[in-house]
Amino acid sequence: KAGVTQTPRYLIKTRGQQVTLSCSPISGHRSVSWYQQTPGQGLQFLFEYFSETQRNKGNFPGRFSGRQFSNSRSEMNVSTLELGDSALYLCASSLGARRQETQYFGPGTRLLVL
Amino acid sequence: DQQVKQNSPSLSVQEGRISILNCDYTNSMFDYFLWYKKYPAEGPTFLISISSIKDKNEDGRFTVFLNKSAKHLSLHIVPSQPGDSAVYFCAASKATTGTASKLTFGTGTRLQVTL
């Protein structure tokens with residue numbers, strides 16, 4: 001079974017631009033979550049989608065948004081990029097949305113904002 | 001406000017010895033804890049978890065201990081192997097979130113197992 005895939009793997013943008021990252025969950029998984037990883041901050045939760053609905057949101061500004069499609073694929077968008085948005089963005093999928101379900105992570109998209 | 005803390009950024013252990021990775025948390029609402037392992041250029045991989053109703057959970061060479069009164073958990077790897085060299089993240093979740101995700105992660109500990 002294929003794992004979680006994320007595209008693109010690497011991205012360079014300049015301040016003020018916007019970016020869209022894509023995540024394809026494991027087949028059959030309906031829950032997709034996004035995390036931001038920066039040095040010194042660990043992984044920070046961005047948001048979670050289940051059956052096309054956002055179920056949970058982390059403490060990030062409104063410039064960060066996401067959506068989920070009917071095939072469970074998800075996208076996240078960051079508008080008006082800032083230097084501090086440079087990070088590894090990780091997507092994770094799980095079968096459902098029960099609390100103790102294992103989340104499977106993709107390899108991440110590394111975003112560099114210049 | 002770092003609610004999950006891994007105070008040791010790195011740890012070096014000889015092959016065959018025990019590796020002990022520590023994690024502290026401040027939020028008493030956390031009731032489910034996990035450890036993930038991450039190799040370079042890969043996403044984190046789930047290792048082991050523990051519910052707050054237990055104080056120990058084992059899975060092969062990996063054991064997680066939870067001390068609720070001290071708000072502390074640890075991951076023991078016995079015996080350590082070179083393939084265990086990776087960054088280990090501690091994570092926690094609380095019942096009020098109601099979902100599997102919204103994990104709060106620590107900043108990670110880089111484990112190096114030497115020959």
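Letters A, B, ... mirror the listed sequences (proteins, then strands); counts begin at 1.
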Using a cut-off of under 4.5 Å for heavy-atom pairs, which of A/R110, A/Q37, A/K57 has the most such pairs with chain B?
A/Q37
With the 4.5 Å side-chain cut-off for hydrophobic clustering, are A/V32 and A/F64 part of the same group?
yes
Hey, quick one: are B/F62 and B/I50 part of the same hydrophobic cluster, counting side-chain heavy atoms closer than 4.5 Å, chains of contacts allowed?
yes
Answer yes or no: are there more than 12 heavy-atom neighbours, outside A/R9 itself, under 6.0 Å from its atom CZ?
yes
Distance in Å, A/L43 CG paired with B/K38 NZ, rounded so as to fall on 0.5 Å steps:
8.0 Å
If you take all heavy atoms of A/P107 and B/A41, which pair is closest and at what distance?
CB-O, 4.0 Å
Residue part contacting chain B, namely of A/L88, when any heavy atom lies under 4.5 Å:
side chain
Find the one option among B/P44, B/S49, B/G108 whose heavy-atom pairs under 4.5 Å with chain A are most numerous.
B/P44
Answer yes or no: are there more than 12 heavy-atom neighbours, outside A/N71 itself, under 6.0 Å from its atom CG?
yes
Neighbour count above 12 (heavy atom, 6.0 Å) for A/R63 CZ
yes
So with a 6.0 Å cut-off around CZ of A/F105, is the heavy-atom count from everything else above 12?
yes
Nearest atoms (heavy-atom pairs only) where A/F45 meets B/L103:
CB-O, 4.0 Å
Part of B/Y36 within contact of chain A (heavy atom distance under 4.5 Å)
side chain
